[in-house]
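Just so you know, these numbers use all the heavy atoms, side chains as well, and skip hydrogens, waters and symmetry mates.
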Amino acid sequence: MQPASQTNGKINLDPDNAEHGLAQLVLTVIELLRQIVERHAIRRVEGGTLTDEQIENLGEALMNLEEKMEELKEIFGLDADDLNIDLGPLGSLL
């Protein structure tokens, strides 16, 4: 089994280790969406369109999601670099 850190920014789709490659792909998509939501939330907070309670709830939800992502990365032996896949001429995803 090739360690995730040796995938060089590419999704590992080794047939003998399909579960790991699928986990890497799914977590990459979730991390991308998490970052998009976080950026949007920051814009809304800075724009003053949220109440203090909404800001508190949003912050808590984002922290919980980040904690869950860290837990899942640990379960599948992945780190942040493993989720930053290489898109060729477009550069890295994250």
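Rounding to the nearest 0.5 angstrom, the gap separating the CD atom in Gln24 from the CG atom in Leu78 is 5.5 Å. Interatomic distance, Leu72 CG to Glu67 CD, rounded to the nearest 0.5 Å: 12.0 Å.
Follow the hydrophobic side-chain contacts under 4.5 Å out from Leu22 and you reach Leu83 in the same cluster. Hydrophobic clustering (side-chain heavy atoms under 4.5 Å, transitive across Ile, Leu, Val, Met, Phe, Trp, Tyr) groups Ile75 together with Ile30. There is a path of hydrophobic side-chain contacts, each under 4.5 Å, that joins Ile36 to Val26. Linking Ile, Leu, Val, Met, Phe, Trp and Tyr whenever their side-chain heavy atoms come within less than 4.5 Å leaves Leu32 and Val29 in two separate clusters. Hydrophobic clustering (side-chain heavy atoms under 4.5 Å, transitive across Ile, Leu, Val, Met, Phe, Trp, Tyr) groups Val45 together with Val37.
A heavy-atom distance below 4.5 Å is found between the side chains of Glu60 and Asn64. Here the side chains of Asp82 and Asp79 are in contact, with some heavy-atom distance below 4.5 Å. Inter-residue side-chain proximity for Asn57 and Glu53 is flagged as met; some heavy-atom pair is nearer than 4.5 Å.
With Glu66 as reference, Arg34 is the one residue of Glu31, Arg34, Glu71 to meet the side chain to side chain contact (heavy atoms under 4.5 Å, CB included) rule. When each of Leu62, Leu65, Leu33 is tested with Glu38 by the rule side chain to side chain contact (heavy atoms under 4.5 Å, CB included), just one qualifies, namely Leu62.
A salt bridge is absent between Glu46 and Arg43: the closest approach of a Lys/Arg side-chain nitrogen to an acidic carboxylate oxygen does not fall below 4.0 angstrom.
In this view, Glu70 and Lys73 satisfy the salt bridge (charged side-chain N to carboxylate O under 4.0 Å, His left out) rule, not counting sequence neighbours. In this structure, Glu56 has no side chain to side chain donor-acceptor pair (under 3.5 Å) partners at least two apart in sequence or on a different chain.
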